[in-house]
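Here's the structure, in structure tokens; my notes come after.
All values below were derived from every heavy atom in this structure, side-chain atoms included, with hydrogens, water molecules and symmetry-related copies excluded. Order of the sequence lines fixes the chain letters, A, B, ..., with proteins taken first and strands second; residue numbering starts at 1 for each chain.
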Number of protein chains: 2
Amino acid sequence: MGDGTTPDFATRIGVRIRRLRHERNVSLSALARDAGVGKATLSGLEDGSRGNPTIETLYAIAGRLGVPIGALLPDPPQEGEKPLETIHGTAVSASLLETFSDADTDTELFRLHIRPGYVQHSPAHPPGTVEYLTVFTGTAKVGPPDALLTVGPGGHVSWTADVPHTYTAISGEDVFASLLIRTPRN
Amino acid sequence: MGDGTTPDFATRIGVRIRRLRHERNVSLSALARDAGVGKATLSGLEDGSRGNPTIETLYAIAGRLGVPIGALLPDPPQEGEKPLETIHGTAVSASLLETFSDADTDTELFRLHIRPGYVQHSPAHPPGTVEYLTVFTGTAKVGPPDALLTVGPGGHVSWTADVPHTYTAISGEDVFASLLIRTPRN
DNA sequence: CTCCCCTGTTCCGTATACGGAACAAGGTAC
DNA sequence: GTACCTTGTTCCGTATACGGAACAGGGGAG
């Protein structure tokens, strides 16, 4: 490996950890102790000599710093242009930004890009699934074919997505939006 | 280690990877090859027998799947209560889930928890900043003091946040919500 | 049937991330 | 001065994550 990965990958993580640690005025020893990792590990990580930490290690450190893992890492990988083809993505590309599980619901947050000129079809999701769309730029027409909703910049709509539904960018403009999909568990 | 970490930590990652892979209709072999990791590694990761992957491995896989690292991981660690210093969080804890930069705007996505019984004050953000709040549970009253907005479960509001504003959970119920803050750059 | 290409799993030697311990250096107390 | 507590670094044996290779099984093609 090591080829696709950025060269200074190691140091970048180290710098972020050290910065976050200093912001909180905790010593290396203290953070290591509280996070349950060896001082050697943390020291090596921070100065970049230990390049490739384990998730468990990173988790412990991030947890103790009160930040999500993502905050410790260089910007998302996104090799080349693989935006994550959603369902049959000619019109829509969706990047899954985050998933989190509440007591009885799974939530997925996507960042959505709808290209004009096509209609994106999405099949029915499990019963009770609700989608929340917040549009930042452009105007979109979304929802079940018999109950399409139009939503412009700054607008927000939601619909139950347990029936087939579509996404369309209208007025020839690209649509950028965030999409939250909430699925009841079981 | 292994004490603070959830027990099924390993399997959770595996399940997510497998689900994302299946959604994309790629085989394990293909993903392993394209991501530049061993099939053994990926296989073990997916079925949970390989519990504690290296960041480099996870990065390669996430990159190839087109998702940020966070999407592969169980909920943010957040040991104890270290919610990422909001403003002066007695009433609100906010976890920064993701930040992304568009051409001229920085977007921050928070997961918000508003505790009832207090009023959370937030100072003015830079001019042009807009906040988008989507409430999942509870009812919140938010916005500038002279233009408070009430929003219940499933509801969504937005307001320009370049003036001081407040967050309150009303009706004695905890509010869980997602908050997007969009700040124009320069 | 054989041959080929694919699937995902398991085996195993090597590389390395891990934490405990020892360490030098800097403060403070007395 | 000594004694003690920090700080962050380095040494080193052990545990383990890694990928290459071998593997069993499933479809087609002919």
Contact letters for nucleotides 5-12 of chain C, in which S counts primed atoms plus P, OP1 and OP2 and B counts the base, heavy atoms under 4.0 Å:
--SBBBB-
Integer-rounded Å distance: dT6(D) P and N25(A) CG:
17 Å
Provide, to the nearest angstrom, the distance between the CD atom belonging to E56(B) and the P atom belonging to dC18(D).
9 Å
What heavy-atom pair brings R18(B) and D47(B) nearest, and what distance separates the two atoms?
NH2-N, 4.5 Å
Could you give the CG-to-C1' distance, from L42(A) to dG19(C), as a whole number of Å?
12 Å
Taking every non-hydrogen atom, the tightest pair across N52(B) and I55(A)
OD1-N, 3.5 Å
How long is the line joining CD1 of I55(B) and C1' of dC18(D), in whole Å?
15 Å
Apply side chain to side chain contact (heavy atoms under 4.5 Å, CB included) to residues I114(A) and T168(A) and explain how you reach the verdict.
CA-CA 7 Å; I114(A) 315 177; T168(A) 317; 5.7 Å; no
Send over the distance from L58(B) CG to dC18(D) C1', rounded to a whole Å.
14 Å
Answer yes or no: is there a side-chain heavy-atom contact under 4.5 Å between L149(B) and K141(B)?
no
How long is the line joining CG of D34(B) and C1' of dG19(D), in whole Å?
16 Å
Could you walk me through whether T160(A) and T129(A) pass the side chain to side chain contact (heavy atoms under 4.5 Å, CB included) check?
CA-CA 6 Å; T160(A) 53; T129(A) 299; over 6 Å; no
Considering only heavy atoms from C-beta outward, does the side chain of L112(B) approach that of Y167(B) to under 4.5 Å?
yes
Has T57(B) got a side-chain N or O lying under 4.0 Å from the OP1 or OP2 atom of dC18(D)?
yes
